[in-house]
Structure formats: structure tokens, C-alpha cells
2 protein chains.
Amino acid sequence: MAREKKIDMVILGLLSHEDLSGYDIKKRIDSMISFFWKGSFGNIYPALKDMEEADLVKKTGTSDNVREKMTYRISDKGLKILKQWLQDEQAANELRYETLLKLFFGGALDKSVSITNIELFEQKIKGDLKLLKGYCENLKEHTENADHLYYYLTASFGVETYEAYLKWCIKAKKILKNGVI
Amino acid sequence: MAREKKIDMVILGLLSHEDLSGYDIKKRIDSMISFFWKGSFGNIYPALKDMEEADLVKKTGTSDNVREKMTYRISDKGLKILKQWLQDEQAANELRYETLLKLFFGGALDKSVSITNIELFEQKIKGDLKLLKGYCENLKEHTENADHLYYYLTASFGVETYEAYLKWCIKAKKILKNGVI
DNA sequence: GTTTGATATATCATTTTGATATATAGTAGC
DNA sequence: GCTACTATATATCAAAATGATATATCAAAC
């Protein structure tokens with residue numbers, strides 16, 4: 001039943017840093033954490049509504065002005081829930097790589113198809129790695145933000161793994177071309 | 001709307017290797033491809049039903065015996081769909097690591113909590129890496145199966161990345177303990 | 001003989017995804 | 001000034017995935 005609503009934790013986490021609107025939350029997710037977690041308007045807005053009813057977040061700002069954006073602030077109760085989750089030893093870590101899925105079934109077609117798929121993956125990763133490295137460099141310089149260390153750690157995870165991916169791409173193409181491990 | 005039903009491709013891929021029942025499909029997913037893709041009874045059985053109606057798969061075996069398992073075979077049409085997907089350059093590759101999400105929001109609590117979370121991750125990865133390495137060794141010896149090369153490539157992707165994870169764990173713990181990058 | 005665990009299929013509520021709808025504000029080009 | 005485009009902002013919904021539960025059979029263990 002997909003028991004835990006993880007989007008709630010993402011929202012509470014972001015609100016523990018600063019007050020945000022639903023739209024802001026989406027922007028934060030897309031720019032900072034999208035490489036290891038996703039969120040969409042389709043679950044952000046309903047989650048905010050539900051969490052407001054449960055007193056985990058409160059609306060702030062001028063809600064009298066209808067056309068103005070609604071900003072949310074985390075409550076003490078919300079912060080408690082966030083901290084409980086952070087201390088919970090359970091953690092769902094999963095990879096979902098369609099490129100690997102296609103490679104697994106690559107035997108159905110000529111190996112050139114698999115090589116092309118690996119090359120497409122390689123190019124995508126190269127671009128993303130560049131972005132992540134820039135992000136890391138930036139964080140090294142902005143030590144005034146107390147959370148920069150945590151942001152850096154997640155970004156450096158990306159750098160390390162993406163570099164490993166690229167090494168694998170070279171090896172994998174070689175194995176396919178030679179037809180032996 | 002989550003446009004593409006990826007589980008269909010997983011099933012067609014597995015059926016391109018051999019005839020299988022829904023239960024068998026679940027077992028194959030869990031044992032061979034679960035580290036980069038998942039499947040559940042909740043989508044496998046309905047998918048088989050839908051694909052049978054669309055003539056992508058056919059029931060085989062003794063369906064007259066009610067209590068016997070239903071085995072499915074891929075059709076020419078199904079094989080065509082599978083090959084089309086393999087050649088489609090689109091590929092959804094995503095990481096969903098709750099450990100990184102928790103680390104990103106680690107500033108809400110003492111750094112010891114984040115260190116513990118990294119250590120839990122580290123232990124899990126160490127165990128999984130051992131399994132993947134064993135799987136790789138096994139595949140090196142069973143070259144009689146034409147698909148062993150493709151299986152090996154996906155497993156070796158896991159080995160490479162998991163080793164990178166472990167290197168990152170050591171670095172990350174050090175950074176947290178010292179409080180500087 | 002009974003309990004346990006594997007086999008096998010099916011169903012369902014919850015959650016997520018990703019697309020679409022709607023409307024306003026700003027701004028760049030002509 | 002007018003128009004087109006883009007960003008902001010919220011909301012909704014069908015489709016898909018998740019993961020739990022229900023049900024039943026059969027073989028092995030004890």
C-alpha cells in the first residue's frame with residue numbers, strides 16, 4: 001500500500017530550512033534534490049493540504065489576498081515528525097535504471113543496439129556530472145550556510161557514483177565489442 | 001499520467017528468454033533484476049491479463065486443469081513491441097535513495113544521527129556487494145548461456161557503483177566528524 | 001497429524017507520476 | 001501599444017506502481 005508518504009518528509013525537510021510555497025517546494029526539489037528524489041505538483045499540493053489539516057504545517061503571509069501565493073511554515077509537531085523520520089533506521093534505497101533493463105534483455109537484438117544505449121547513457125551522465133561538480137565547487141565556497149556540508153555530501157555522492165558509471169561504460173562497451181568478459 | 005507501462009517490457013523481456021507463469025516472473029525479477037528494477041504481483045498479474053487480450057502473450061500448458069499454474073509465451077507481436085522498446089533512445093534512469101534524502105536534511109539533528117544513517121547504508125551495501133560479486137563470478141563460468149554476457153554487464157554495473165558508494169561512505173563520515181569539507 | 005513454508009493467483013487502498021487546465025504577471029520583440 | 005512568450009502559482013485527474021492482504025494447494029518437517 002506504499003505505506004509511508006515520503007513526499008511529506010521532503011516537504012517538512014525543506015520547510016525546516018525556510019518558509020516556502022508549493023511552487024517554491026517544487027523548484028527546490030528540481031534544483032537541489034532531484035538526482036536522488038522526485039516530487040510533482042500532483043503530490044506536493046495535496047500533501048500540503050493534508051499536512052495543514054494535521055497541524056504539521058501552517059499557512060503564513062497574506063491569505064486575504066486571493067491572488068498571492070500561499071507560504072507554509074513548519075510547526076513544532078511537524079518538526080517532531082521530521083526528526084523521528086531522520087532517526088528511523090529504515091531507508092528505502094532503490095535504483096531504477098531503464099538503461100540496465102534494456103541491457104539485460106539486449107540479447108534480443110544485435111549488440112550494436114546495446115552499445116548505442118550505453119553511449120546514450122554515457123553522454124547523459126557526462127552532462128549531469130559536470131553540473132554536479134559545479135554544484136560541489138559552489139558549496140565549498142559558501143560555508144556561511146550551516147547546511148552546506150550536508151548539501152555537499154549528497155552532491156559528492158553523485159560525483160563519485162557518476163564517475164564509476166563512466167568507468168563502467170568504457171568497460172561494458174569493450175566487453176560487448178569483444179564478445180567476451 | 002505515467003504514460004508507459006514499464007512492467008510490460010520487463011515481462012516481455014523475461015518471456016523472450018523462456019515461458020513463465022506470473023509467479024515465475026516475480027521470482028525472476030526478485031533474483032536477477034531487482035537491484036535495478038522492481039515488480040510486484042499487483043502489477044504483474046493485471047499486466048499479463050491485459051497483454052493476453054492485446055495478443056502480446058499467449059497462455060500455454062494445460063489450462064483445463066484449474067489448479068495448475070498458467071504459463072505464458074511471448075507472441076510475434078509481443079516480440080516486436082519488445083524490440084521497439086529496446087531501440088527507443090528514451091530511458092528513464094533514476095535513483096531514489098532515502099539515505100541521501102535524510103542526509104540532505106541532516107542539519108535538523110546532531111551529526112551523529114547522519115553518521116549512523118551512513119553506517120547503516122554502508123553495511124547494507126557491503127552485504128549486497130558480496131552477493132553481486134558472487135553472481136558475477138558465477139556468470140563468468142556459465143558462458144553456455146547466450147545471455148550471460150548481458151547479465152554480467154548489469155551485475156558488474158552494480159559492483160562498480162557499490163564500490164564507489166563504499167568509498168564515499170568513508171569520505172562522508174570523515175567530513176561529518178571533522179565538520180569541514 | 002499438524003504446522004510451516006513454498007507455490008500460485010488475485011485484489012485493493014494508498015501513493016506517485018506526469019499530463020493538463022487555468023489564470024496572472026512580467027518582459028521582450030515588433 | 002500590442003502581441004507572444006515565459007515564469008509564477010495552484011489544482012485536478014487518469015494511469016501506473018507499491019505493497020499489503022486474502023485465499024488455496026501441496027510438500028516437507030517435526
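Note that the structure is a prediction, hence the values are computed from the model and not measured. Just so we're on the same page: letters track the sequence lines, and every chain starts at 1.
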Peer 1: Inspect the contact between A/Arg73 and A/Asp19 and indicate whether a charged nitrogen and a carboxylate oxygen are less than 4.0 angstrom apart.
Peer 2: yes
Peer 1: With heavy atoms under 4.0 Å as the rule, sort B/Lys26 into base, sugar-phosphate or nothing.
Peer 2: nothing
Peer 1: Just wondering, do B/Lys126 and B/Gln123 contact through their side chains at under 4.5 Å, heavy atoms?
Peer 2: yes
Peer 1: When you measure from the side chain of A/Lys5, which nucleotide among C/dT9, D/dT18, C/dT15 comes out closest?
Peer 2: C/dT15
Peer 1: In whole angstrom, what separates A/Lys6's NZ from C/dT17's C1'?
Peer 2: 16 Å
Peer 1: Can you list the steps and then say if B/Phe104 with A/Tyr151 is a side chain to side chain contact (heavy atoms under 4.5 Å, CB included)?
Peer 2: CA-CA 6 Å; B/Phe104 191 83; A/Tyr151 300 164; 3.2 Å; yes
Peer 1: Determine whether the side chains of B/Thr99 and B/Asn117 contain a donor N or O and an acceptor N or O closer than 3.5 Å.
Peer 2: no
Peer 1: Could you give the angle between the helix axes at the two ends of the helix from C/dG1-D/dC30 to C/dC30-D/dG1, with five pairs per end, rounded to 10 degrees?
Peer 2: 30°
Peer 1: Starting from C1' on D/dT18, measure out to CG on B/Asp30 and report it in whole angstrom.
Peer 2: 13 Å
Peer 1: Which residues within residues 40-52 of chain A lie with some heavy atom under 4.0 Å of an atom in DNA chain D?
Peer 2: A/Phe41, A/Gly42, A/Tyr45, A/Lys49
Peer 1: If you take the centroid of each ring, where Trp contributes its six-membered ring, are A/Tyr165 and A/Phe121 closer together than 6.0 Å?
Peer 2: yes
Peer 1: Would you mind reading off the distance between A/Ile11 atom CD1 and C/dT16 atom C1', rounded to a whole angstrom?
Peer 2: 12 Å
Peer 1: Could you tell me the separation between the CZ atom of A/Arg28 and the P atom of D/dA9, rounded to a whole number of Å?
Peer 2: 11 Å
Peer 1: In whole angstrom, what separates A/Glu94's CD from C/dT15's P?
Peer 2: 16 Å
Peer 1: Salt bridge between B/Glu52 and B/Lys49, side-chain N to carboxylate O under 4.0 Å?
Peer 2: no
Peer 1: Above 12 or not: heavy atoms from other molecules or residues under 6.0 Å from NZ of A/Lys26?
Peer 2: yes
Peer 1: Can you check whether A/Ser21 has a side-chain N or O nearer than 4.0 Å to OP1 or OP2 of D/dT8?
Peer 2: no
Peer 1: Nearest whole Å is fine: how far is D/dA11 C1' from A/Ile25 CD1?
Peer 2: 15 Å
Peer 1: Are side-chain N/O atoms of B/Trp168 and A/Thr161 paired as donor and acceptor at under 3.5 Å?
Peer 2: no
Peer 1: Looking at A/Glu122 and A/Lys124, is there a salt bridge between them, counting it only when a charged N and a carboxylate O are closer than 4.0 Å?
Peer 2: no
Peer 1: Establish, with yes or no, whether the OP1 or OP2 oxygen of C/dT17 is under 4.0 angstrom from a side-chain nitrogen or oxygen of B/Arg96.
Peer 2: yes
Peer 1: Is any side-chain N or O of A/Lys27 closer than 4.0 Å to OP1 or OP2 of D/dA7?
Peer 2: no
Peer 1: For the pair made of CG in B/Asp8 and C1' in D/dA17, what is the distance, rounded to whole Å?
Peer 2: 12 Å
Peer 1: OP1, OP2 of C/dT7 versus side-chain N and O of B/Tyr23: anything below 4.0 Å?
Peer 2: yes
